[in-house]
Every structure is written in structure tokens, then in C-alpha cells.
Undergrad: 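Handing you this structure, nothing more for now.
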Amino acid sequence: MLQVAYLRDHKEEAIAQLAKRNIEAREMVDNAISLDEERRITQTELDSIKAEANKISKDIGGLFKSGAIDKANALKAKSADLKETIKQLENRLNTTKQDLENLLYKIPNIPHELVPAGNTEDDNEVVFEHGDIPKLPGDALPHWELAKKYDIIDFELGNKITGSGFPVYKGKGAKLQRALITYFLDKNTEAGYTEYQLPHLVNEASGFGTGQLPDKEGQMYHVSEDNLYLIPTAEVPATNIFRDTILNETDLPLKLTGYTPCFRREAGSYGAHVRGLNRLHQFDKVEILRIEHPNQSYEALKDMVEHVKGILNELKLPYRILRLCGGDLGFTSALTYDFEVFSTAQNRWLEISSVSNFETFQANRLKLRFKNKDAKNELCHTLNGSSLALPRVLAGILENYQTEDGIAIPEVLIPYTGFSHIN
RNA sequence: GGAGAAAUGGCAGAGUGGUCGAAUGCACCGGUCUUGAAAACCGGCGAGGGUCACACCUCCGGGGGUUCGAAUCCCUCUUUCUCCGCCA
């Protein structure tokens, strides 16, 4: 959620930057500013009437004590009038506040100046490429066929137990999965991220805190009996650790990592592009998250990108990094870098990580602040990224490491798997 | 799941209808003293809104109510603790 004060002070700039998302924001911004003004006027009026009412109540107390009952009763009548006015003003104030908030929920984050204009993923900017695309034998198979051939992932069994999009990993497949999780977590903790194990269900307030609610409600599985939501990403529980928090400046930066399964309804997405591991309802992901001082956050973003690069270099997977264009940029993000690994057998790029700086957008809604040098509370910047999403990394490994007689295991993973081939 | 108790500032802990945003202690920050530190003493020390700055308003787990006036009374929800039951 953007800050109204910012919109007021940087109106034209905000509108111009939002245009990169192909949004004509002028009307919304104008409305927000005028609703805020109305809010302040009403608030001031209400405050002064309340001040008067408070004073009267105190006077009544004094009059009762000194025995001036008649005078006290006369004041009571006056107080009743004020109460009526207070009620009306409060209603008006609440409506205005609600309108303002609803409007602010609809305005996405202001893109960073580096964000290229553009409509679709085709307009994303490739900023880095690494690794040669391996020459595979002519009969190279996509990962879902390899998974079947070597009996390491059973999609049909998942259908039986739950439904489509809930694969069953078994044998060396399960072990490889566990090895990847441990390897990622180890890399992250080595880089100074503190490991967390987080709840996989969150309450409504947490959903609002990170912006999944109210708009993207349909993305999450909802347990209505207890009004809880299955997490679509560890970002939700991890970021909500800091809801309603005031940190000391010296606490910054905070670096967290955690592994969780992720649950996404993905309603309406079916077809060739979602085969195999490409898109699932349940998948595993290791997340990194940072809480940063505002003037450090872009340095931190760079650092996170380098960190993810380091992991992919070690895994020796061909990948590229994209700077997302305005049209593809997530609602809450100011600047996002996507990592894609090349799926050789499918001949397409698969997104395996997304690293974003949200600046104060999340922090504002979360009320996550730090006390600055002037002892004033200031909003923190939040950043997060995947390091990494498991299924597509797994798909990348299976496809790119396939040989005539099986699948090789990337060298860095062998200490974790305990085997060097799947065959 | 059943019965009972509780929820107050960073922590501990007073406060049961009026001048209480809230005693006191600890922690923390600044100062005096000291070669330095500790101790002692003095001062400061929650958040949000609002203002150029004050004033002022709101907040004692959340929501609602009674009252001229609520941390204090009533209703409700949530959470925690104790006991019982169940259980990995």
C-alpha cells in the first residue's frame, strides 16, 4: 500500500512511473489525495468537539463534588447534544477512511526507474545469461517422461490421492528433493540468512499483511472451518513476523530463510505449459527475505541476485536473468529480477526464482518500521526472493543432466544425495 | 473438548467509575561526579492522528454496550495459564 503523503508530495512523478504498468493512475491518485484531505478535515472537526465534550465531563465531575447538582445536570444536556454530533462525524470519518483504504489497496507499487515500460513478458529485459545449453541426444525426453522412466515422480498416484498438481516423489526422486532443500538452506545460512520453520497456514490478518487478501483470495486454499489459509509462499508467514513491529535501526538488516511447501489453487490454468512439474498446486520452495534500511535496499537486492546466481552457477544449469517490465511486474514490487532456467527438452525457459524489492509498499501495510536517528519511526524496506523453487530446478536438472543411461546428479548435490546417478 | 483464572508501557507490576496515558521497579538514553568504569544523584523515556510548531484527539488484548465521564461495570471474540479429557 502506497503512502498518501508520498502521493501528495510526488504526484506527477508517481503518475508518470505508474504509467509504465500501463495504468492511467491520475484519477485514483487525485481521489486518494482528496479523500485524505477530507479525512483530515473531518478528523480535526471531530477532535475539537471531543475536546469540548471531555472538558464538560470533567466540569460535571467537579460540580458533583462541590454539590452543584443543578448546574451539573444542565451540562449533561449539553453533553448529550455533542454526543450526537460526535456519532455523526465518526460515521463520516470511518466511511472516508474506508474509502481511502479501499482505493489505496487498488494502486500498485510505483515501479523503480530501471523498470522498462512494456506490456507482456516479451518486453522483459534480459540482463544476464549464463551457461551453455547442453547438446542432448536426439531422443532427449522432457522431465515428466524421465520421471516415469526412472520411477522417481508419480503424477498419477498424486491424482488418486488428491488431484492433479499434487505429485508423489519417490525413491531417488524424493531424496533428490530433500537434498535440494538442504543444499539451498545451507547456502542461505552460509550467506548470513537465519533459518526459520514457519507455519503453513496463516490467518486472515497475515493474508492482508502481505497483500494476498483481499484481492487475490482465489489463489489460496481456504480452510473455512477455522478461517485459515494455506500459504502460497513462505513470504506470507515470514513477512508477517514483522507485522506491527518497530525495530531499532541497529537491528537492520534482518536476513531470513525458510523452506515451506507452497499451495496454490491456480484455477483455470491447464494445458501443455503446465505439464509435469511446470505448474503445481503443491510445491516446495526455499525463500530468502530481508528487512532493510531504505537507503540500503537496492544494494541488498543486488546482493540477493548475486547470491542466487552463485547457487545456479554451482548447479551448472543454463539460466538467464530478466528485469521485469512494467506490465509483468508484480502488484507489490518496485523492481523484480526473474531467474529462468532453460528446459532443454521442452525448449523453453522456466521461471525458478523471482527476487524483488518492495520498498515500503509491504511495510506500510504491515506497519513495519524502525526508529531512525531522529528517534522518528520510519518504514523499512522489504525484499524477498526464491532460492529456489524446487520443481522447476528439478525439471532443469532432469532434462539437462540426462544421458543415454540415466541422469547425472550435479556435483555439489552428491554429498547431499549420497548417489551420483539415477538410472 | 470440559472447568476455572488472567490479558495494563521493552519487561515486571500498581491501579475497580472522575483531574489516569496510567504509580513504582528494572531496562534504555542524556547529564553531573570519576583518570576511566561502576555506584550515587538529576533529567528523559510507548504508539497513531493532527499542527510550521503548540494545542488537541485516539489507544490499558480485539469488537460492541452502559454512563455526563470507563483501564476500572456489562456483552462478545481472541489469546495465555492451571486442572481434567484426548493425543503425535
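Everything quoted here is computed from the prediction, not taken from an experiment. Just so it is clear: chains get the letters A, B, ... in the order the sequence lines come, proteins before strands, and each one is counted from 1. All values below come from the heavy atoms of this structure, side chains included, with hydrogens, waters and symmetry mates left out.
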Undergrad: Could you give the CG-to-P distance, from A:Asp9 to B:C52, as a whole number of Å?
TA: 13 Å
Undergrad: Taking 4.0 Å as the cut-off, does a side-chain nitrogen or oxygen of A:Arg369 come that near to OP1 or OP2 on B:A47?
TA: no
Undergrad: Distance between the C1' atoms of B:A40 and B:U78, in whole angstroms?
TA: 47 Å
Undergrad: For nucleotides 56-74 of chain B, read 5' to 3', which letter fits each nucleotide if B means a protein heavy atom sits under 4.0 Å from the base, S means only the sugar-phosphate is that close, and - means neither?
TA: SSS---------BS-----
Undergrad: Between side-chain atoms of residues 178-186 of chain A and protein atoms elsewhere (two or more places apart, or another chain), which donor-acceptor pairs fall under 3.5 Å?
TA:
unit_1, atom_1, unit_2, atom_2, d
A:Thr182, OG1, A:Arg178, O, 2.9
A:Tyr183, OH, A:Glu314, OE1, 2.7
A:Asp186, OD2, A:Tyr416, OH, 2.7

Undergrad: Could you work out the separation of B:G50 and B:U32 based on their C1' atoms and round it to a whole Å?
TA: 38 Å
Undergrad: Please measure how far the C1' atom in B:G9 lies from the corresponding atom in B:C20, and state the result in whole Å.
TA: 13 Å
Undergrad: Mind checking the C1' distance from B:U66 to B:C74? Whole angstroms is fine.
TA: 7 Å
Undergrad: Nearest whole angstrom, please: distance from the C1' of B:G50 to the NZ of A:Lys97.
TA: 12 Å
Undergrad: In whole angstrom, what separates A:Asn203's CG from B:C77's P?
TA: 18 Å
Undergrad: Checking A:His10 now: which residues fulfil ring pair (Phe, Tyr, Trp, His ring centres under 6.0 Å) with it, not counting sequence neighbours?
TA: A:Tyr6
Undergrad: Quick one: A:Glu37 CD to B:U51 C1', roughly how many Å, whole number?
TA: 15 Å
Undergrad: I'd like to check the ring pair (Phe, Tyr, Trp, His ring centres under 6.0 Å) partners of A:Phe370; sequence neighbours left out, ordered by chain and number.
TA: A:His293
Undergrad: Categorize A:Ile246 for me: base, sugar-phosphate, or nothing, with a 4.0 angstrom heavy-atom threshold over every strand shown.
TA: sugar-phosphate
Undergrad: For RNA chain B, what string of dots and brackets results from 5' to 3' when Watson-Crick and G-U pairs need both distances under 3.5 Å, crossing pairs get [ ], and pairs with another strand get |?
TA: ((((((((.[[[..)..(.....]]].(((((.......))))).((((......)))).[[[[[..)....]]]]])))))))....
Undergrad: Residues in side chain to side chain contact (heavy atoms under 4.5 Å, CB included) with A:Ser333, at least two apart?
TA: A:Leu329, A:Thr336, A:Ser356, A:Phe358
Undergrad: Expressed as a whole number of Å, how far does the P atom of B:A88 sit from that of B:A7?
TA: 35 Å
Undergrad: Taking the side chain as every heavy atom from C-beta outward, state whether A:Thr233 and A:Arg264 have any pair of such atoms under 4.5 Å apart.
TA: yes
Undergrad: Take atom P in B:U79 and the same atom in B:G31, then report the distance between them in whole Å.
TA: 47 Å
Undergrad: Grab the CG-P distance between A:Asp244 and B:G10 for me, whole Å please.
TA: 12 Å
Undergrad: Restricting to side chain to side chain contact (heavy atoms under 4.5 Å, CB included), what partner residues turn up for A:Asp328, sequence neighbours left out?
TA: A:Glu121, A:Asn124, A:Leu324, A:Cys325
Undergrad: Reckon A:Asn377 touches a base, only the sugar-phosphate, or nothing at all at heavy-atom distances under 4.0 Å?
TA: sugar-phosphate
Undergrad: Would A:Ser387 and A:Asn188 count as having a side-chain donor-acceptor pair, cut-off 3.5 Å?
TA: yes
Undergrad: Looking at A:Lys371, does any N or O in its side chain come under 4.0 Å of the phosphate oxygens OP1/OP2 on B:A47?
TA: yes
Undergrad: What is the separation between atom CG on A:Asn248 and atom P on B:G46, rounded to the nearest whole Å?
TA: 14 Å
Undergrad: Between B:G46 and B:A27, how far apart are the two C1' atoms, rounded to whole Å?
TA: 14 Å
Undergrad: Looking only at the aromatic ring of each residue, does the gap between the centers of A:Phe263 and A:His200 stay below 6.0 angstrom?
TA: no
Undergrad: Could you measure between the two P atoms, the one in B:G61 and the one in B:U16, and give it in whole Å?
TA: 15 Å
Undergrad: Provide, to the nearest angstrom, the distance between the CG atom belonging to A:Asn227 and the P atom belonging to B:U78.
TA: 11 Å
Undergrad: Expressed as a whole number of angstroms, how long is the span from A:Leu93:CG to B:G50:P?
TA: 11 Å
Undergrad: Going by the rule side chain to side chain contact (heavy atoms under 4.5 Å, CB included), which residues pair with A:Ile246 if we only count those two or more places apart in sequence or in a different chain?
TA: A:Arg369, A:Asn377
Undergrad: Any pair with a residue in residues 234-252 of chain A that passes salt bridge (charged side-chain N to carboxylate O under 4.0 Å, His left out), sequence neighbours left out, goes on the list, sorted by first then second residue, please.
TA: A:Glu249-A:Lys373
